[in-house]
K.L.:
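Before I ask anything, here is the structure I am working with.
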Amino acid sequence: MAFNFGAPSGTSGTAAATAAPAGGFGGFGTTSTTAGSAFSFSAPANTGTTGLFGGTQNKGFGFGTGFGTTGSSTGLGTGLGTGLGFGGFNTQQQQQQTTLGGLFSQPTQAPTQSSQLINTASALSAPTLLGDERDAILAKWNQLQAFWGTGKGYFNNNIPPVEFTQENPFCRFKAVGYSCMPNNKDEDGLVVLVFNKKETDIRSQQQQLVESLHKVLGGNQTLTVNVEGIKTLPDDQTEVVIYVVERSPNGTSRRVPATTLYAHFEQTNIKTQLQQLGVTLSMTRTELSPAQIKQLLQNPPAGVDPIIWEQAKVDNPDSEKLIPVPMVGFKELLRRLKVQDQMTKQHQTRLDVLIKQEIQRKSGYAIQADEEQLRVQLDTIQCELNAPTQFKGRLNELMSQIRMQNHFGAVKSEERYYIDADLLREIKQHLKQQQEGLSHLISIIKDDLEDIKLVEHGLNETIHIRGGVFS
């Protein structure tokens, strides 16, 4: 699973979805002429806009909403996408300078970064705004704002205040987690489109969606849009994974590379049409090269201490499949929790289907050897759990002690006790067995008393007879 951390840098990463036209994924009117008749999948032109998939300067790759190259600039957009992989490294055309945008933004001008750090340190430790003891109070207030990750830090009359964001190094509400890296090849052609619609609406209008996407591609008859998968996302969003197949005149076909298809979707006029369909995010789903992974790991994200980042890399449970990612703020933590909860529900749904299939497949068959062995193991575990001196008995004893501690010191008239239903049944059964044992013991004693009386009566008669004879 992968997660989208932070907001996109600029407007090229995540575009706000406009209201979808009536009828779901209906038409857009006439398509733009810039993507019209040319559907060349050959080598791209230098302009990057002459063909449908000709422009690959906007080449996106990897796992985020934006990491790629734009001309001579390098961009790493909003980090980790909402797909099962990381999605695609999009491009940021508005970025004119070299930048690692989004969460991993690293300022390119060293003097600017240095002065920003100096100003932040001055605001937190030695502000000179008032020139008296009130500056110490102001410093504590600036520290509180920096820890929280919001507000402005005033420290000097001649210098503008410092803007505190959650990306600042002193913000306390941040952590590092791990997300899966995609393993799809670029030639697989998988592109993720995130719709601001429910999964049921997407599935009910899937054919109309395919036709609308085909119109976005210019309606070329040599191209076929295919849906690889549909998955529910939190907040009533849906992830649709698509790929496009191009058929050549000689009868052969191939998938359009993911980066090429993504570059086409990132064109301004095409992105507008996708927004009309309800698309809020597009990204490729391709694996990262070793050089790209190395670049990500070597540069700590903005606001994350390098020591913490190094420790996160050491603690990575599977460095071949997982990559550390920052989690900044409660909102991001909540979003990640929602995604994990959604994925857990999907896994449980698949497991329930497999159980039903296995039950139907085994219906009418006798118990097999492996099933009998499993049943014996389960019976053994059940017996161990129910043994009085084993786990269940110990748990019951601990529960009794906890209840006693909870009621210790309470007023007798206000005491309230609650006994678990299973424990109450066990107590009743135990008392019933003791009662039966006592009843049986009393019965034996009564029988023995009757026998003793008979023996005494017999002895008395024998003594009386012997006394008459001797008299």
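The model shown is predicted, which means the values in this text are computed figures rather than measured ones.
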K.L.:
Find the distance between CD1 (Ile323) and CG (Leu288) and round it off to the nearest 0.5 Å.
P.N.:
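That separation rounds to 6.5 Å.
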K.L.:
Flag the pair Met327 / Val176 as yes when at least one side-chain heavy-atom distance between them is below 4.5 Å, and no otherwise.
P.N.:
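No. Closest side-chain heavy atoms not under 4.5 Å.
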K.L.:
Apply the test salt bridge (Lys or Arg N to Asp or Glu O under 4.0 Å) to residues Asp341 and Lys345: give CA-CA distance (whole Å), side-chain angles for both, the deciding distance (0.1 Å), then the verdict.
P.N.:
CA-CA 6 Å; Asp341 183 63; Lys345 291 180 180 179; 3.5 Å; yes
K.L.:
Would you indicate whether the side-chain heavy atoms of Met181 and Leu322 approach each other to under 4.5 Å?
P.N.:
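Not touching, per the 4.5 Å side-chain cut-off.
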K.L.:
Is it true that Arg285 and Glu239 have a side-chain N and a carboxylate O under 4.0 angstrom from each other?
P.N.:
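Looking at Arg285 and Glu239, the cut-off is met.
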K.L.:
Should we count CD1 of Ile307 as having more than 12 external heavy atoms under 6.0 Å?
P.N.:
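12 or below, so no.
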K.L.:
Please evaluate residues Arg336 and Ser179 with respect to the criterion side-chain contact (heavy atoms from CB on, under 4.5 Å), reporting the C-alpha separation (whole Å), side-chain torsions for both, the decisive distance (0.1 Å), and the verdict.
P.N.:
CA-CA 10 Å; Arg336 187 180 181 101; Ser179 294; 3.7 Å; yes
K.L.:
How many angstroms lie between atom CD1 of Ile270 and atom CG of Leu217, to the nearest 0.5 angstrom?
P.N.:
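Rounded to the nearest 0.5 Å, the CD1-CG separation comes out at 7.5 Å.
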K.L.:
Can you give me the closest heavy-atom contact between Val304 and Pro326, atom names plus distance?
P.N.:
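Nearest pair, atom of Val304 first, then Pro326: CG2-CB, 4.1 Å.
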K.L.:
Is a side-chain donor or acceptor of His214 paired with a backbone partner of Leu223 at a separation under 3.5 angstrom?
P.N.:
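Such a contact is found between His214 side chain and Leu223 backbone.
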K.L.:
For residues Asp352 and Gln348, is any side-chain donor paired with an opposing acceptor at under 3.5 Å?
P.N.:
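The criterion, which ignores hydrogens and geometry beyond distance, is satisfied for Gln348 and Asp352.
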K.L.:
Can you see which heavy atom on Lys174 is nearest to which on Cys171, and at what distance?
P.N.:
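Heavy atoms only, the tightest pair is CE-O, 3.4 Å.
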K.L.:
To the nearest 0.5 Å, how far apart are CG in Asn196 and CG in Leu277?
P.N.:
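So the CG of Asn196 and the CG of Leu277 are separated by 12.5 Å.
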K.L.:
Is it true that a side-chain atom of Lys140 and a backbone atom of Leu124 form a donor plus acceptor pair closer than 3.5 Å?
P.N.:
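Such a contact is absent between Lys140 side chain and Leu124 backbone.
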K.L.:
Any luck finding a side-chain donor-acceptor pair between Asp315 and Gln311 under 3.5 Å?
P.N.:
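Looking only at side-chain atoms, Gln311 and Asp315 do form a donor-acceptor pair, the distance falling under 3.5 Å.
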K.L.:
Give a yes or no on whether a salt bridge exists between Lys338 and Asp235, defined as a side-chain N under 4.0 angstrom from a carboxylate O.
P.N.:
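Looking at Asp235 together with Lys338, the answer is yes, because their closest N to O distance falls below 4.0 Å.
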K.L.:
Working note: Asp236 + Lys197, criterion salt bridge (Lys or Arg N to Asp or Glu O under 4.0 Å); need CA distance, chi angles, decisive distance, verdict.
P.N.:
CA-CA 6 Å; Asp236 292 333; Lys197 297 176 180 288; over 6 Å; no
K.L.:
Rounded to the nearest 0.5 Å, what separates atom CD1 in Ile381 from atom CD in Gln377?
P.N.:
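Ile381 atom CD1 to Gln377 atom CD measures 7.0 Å (nearest 0.5 Å).
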K.L.:
Do NZ/NE/NH1/NH2 and the carboxylate oxygens of Lys185 and Glu287 come within less than 4.0 Å?
P.N.:
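Result for this pair is yes, salt bridge flagged.
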K.L.:
Would you confirm whether Ser248, through its side chain, and Thr252, through its main-chain N or O, come within 3.5 Å as a donor-acceptor pair?
P.N.:
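Yes: the side chain of Ser248 pairs with the backbone of Thr252.
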K.L.:
Counting only pairs under 3.5 Å, give me each side-chain donor-acceptor contact of residues 145-162, with atom names and distances, residues two or more places apart or in other chains.
P.N.:
residue: Gln145; atom: OE1; partner: Lys152; partner atom: N; Å: 3.3
residue: Gln145; atom: NE2; partner: Asn142; partner atom: OD1; Å: 3.4
residue: Gln145; atom: NE2; partner: Lys152; partner atom: O; Å: 2.9
residue: Asn156; atom: OD1; partner: Asn158; partner atom: N; Å: 2.7
residue: Asn156; atom: ND2; partner: Thr128; partner atom: OG1; Å: 3.4
residue: Asn157; atom: ND2; partner: Leu129; partner atom: O; Å: 3.3

K.L.:
Using only atom types and a distance under 3.5 Å, with no angle test, would you say the side chain of Gln292 pairs donor to acceptor with the backbone of Ser289?
P.N.:
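Confirmed, Gln292 side chain pairs with Ser289 backbone.
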K.L.:
Are Gln346 and Met343 close enough, and set up right, to give a side-chain contact (heavy atoms from CB on, under 4.5 Å), and what steps lead you there?
P.N.:
CA-CA 5 Å; Gln346 293 180 3; Met343 185 59 63; 3.7 Å; yes
K.L.:
Main chain of Ile118, side chain of Ser122: is a donor-acceptor contact present, judged purely on distance under 3.5 Å?
P.N.:
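Between the backbone of Ile118 and the side chain of Ser122 there is a qualifying donor-acceptor contact (under 3.5 Å).
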K.L.:
I would like to know whether Ile359 and Ile355 meet side-chain contact (heavy atoms from CB on, under 4.5 Å); could you show each step before the answer?
P.N.:
CA-CA 6 Å; Ile359 292 175; Ile355 291 175; 3.9 Å; yes
K.L.:
Taking only Lys NZ, Arg NE, NH1 and NH2, and the carboxylate oxygens of Asp or Glu, determine whether Lys215 and Glu211 approach each other closer than 4.0 Å.
P.N.:
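No, no charged N to carboxylate O under 4.0 Å.
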K.L.:
Between Arg203 and Ile230 (side chain of the first, backbone of the second, donor and acceptor by atom type, cut-off under 3.5 Å), is there such a pair?
P.N.:
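It does hold such a pair.
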K.L.:
Is there a side-chain contact between Val240 and Val192 (heavy atoms, below 4.5 Å)?
P.N.:
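Not touching, per the 4.5 Å side-chain cut-off.
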K.L.:
What is the minimum heavy-atom distance between Glu187 and Arg255, and which atoms define it?
P.N.:
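Of all heavy-atom pairs spanning Glu187 and Arg255, the closest is O-CB, 3.6 Å.
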K.L.:
Donor-acceptor pair, distance only, cut-off 3.5 Å: does the side chain of Thr120 make one with the backbone of Gln116?
P.N.:
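Yes; judged by distance alone, with no hydrogens or angles, the pair exists.
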K.L.:
I need the Gln273 CD to Thr268 OG1 distance, nearest 0.5 Å.
P.N.:
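One gets 11.5 Å once the value is rounded to the nearest 0.5 Å.
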K.L.:
Just checking, any donor-acceptor pair under 3.5 angstrom between side chains of Asp186 and Thr259?
P.N.:
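There is such a pair between these side chains.
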K.L.:
So do the side chains of Leu261 and Val191 get within less than 4.5 Å of each other, counting heavy atoms only?
P.N.:
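Yes. Closest side-chain heavy atoms under 4.5 Å.
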K.L.:
Are the side chain of Asn226 and the backbone N or O of Val244 linked by a donor-acceptor pair below 3.5 Å?
P.N.:
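Judged by distance alone, no pair lies under 3.5 Å.
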K.L.:
If we ignore hydrogens and angles and just use 3.5 Å, is the side chain of Asn168 paired with the main-chain N or O of Phe164 as donor and acceptor?
P.N.:
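No; zero donor-acceptor contacts below 3.5 Å.
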K.L.:
Can you check whether Gln295's main-chain N or O pairs, donor with acceptor, with Asn299's side chain at less than 3.5 Å?
P.N.:
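It does hold such a pair.
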K.L.:
Measure the OH-CE distance between Tyr262 and Met283 for me, rounded to the nearest 0.5 Å.
P.N.:
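Separation between the atoms: 10.0 Å.
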K.L.:
Compute whether any side-chain donor of one residue and acceptor of the other, for Arg247 and Thr224, lie under 3.5 angstrom apart.
P.N.:
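Looking only at side-chain atoms, Thr224 and Arg247 do form a donor-acceptor pair, the distance falling under 3.5 Å.
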K.L.:
Quick one: list whatever passes side-chain contact (heavy atoms from CB on, under 4.5 Å) with Glu384, sequence neighbours left out.
P.N.:
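If we apply the side-chain contact (heavy atoms from CB on, under 4.5 Å) test to Glu384, skipping adjacent residues, the hits are Thr380.
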K.L.:
What verdict does the side-chain hydrogen bond (donor to acceptor under 3.5 Å, both in side chains) test give for Ser282 and Glu266, after you've listed the backbone C-alpha separation in whole Å, the side-chain angles of each residue and the deciding distance to 0.1 Å?
P.N.:
CA-CA 8 Å; Ser282 62; Glu266 283 299 295; 3.0 Å; yes
K.L.:
Could you tell me whether the side chain of Leu233 reaches within less than 4.5 Å of the side chain of Val194, counting heavy atoms only?
P.N.:
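Answer yes - side chains close enough.
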K.L.:
Are any of the side-chain heavy atoms of Arg335 and Glu332 separated by less than 4.5 Å?
P.N.:
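Yes; the side chains approach each other to less than 4.5 Å.
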K.L.:
Step through the shown structure and confirm whether more than 12 heavy atoms of other residues, nucleotides or ligands are within 6.0 Å of CD on Gln401.
P.N.:
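More than 12 heavy atoms, drawn from other residues, nucleotides or ligands, come within 6.0 Å of this atom.
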K.L.:
If we only count heavy atoms from C-beta on, is the Ile242 to Leu193 side-chain gap below 4.5 Å?
P.N.:
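Sidechains of Leu193 and Ile242: in contact.
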K.L.:
Indicate yes or no: does Glu310 engage Lys313 in a salt bridge with an N to O separation below 4.0 Å.
P.N.:
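Answer for the salt bridge query: yes.
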K.L.:
I'd like to check Phe195 versus Leu209 (side-chain heavy atoms, cut-off strictly below 4.5 Å). Are they in contact?
P.N.:
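Counting from C-beta outward, Phe195 and Leu209 do come under 4.5 Å.
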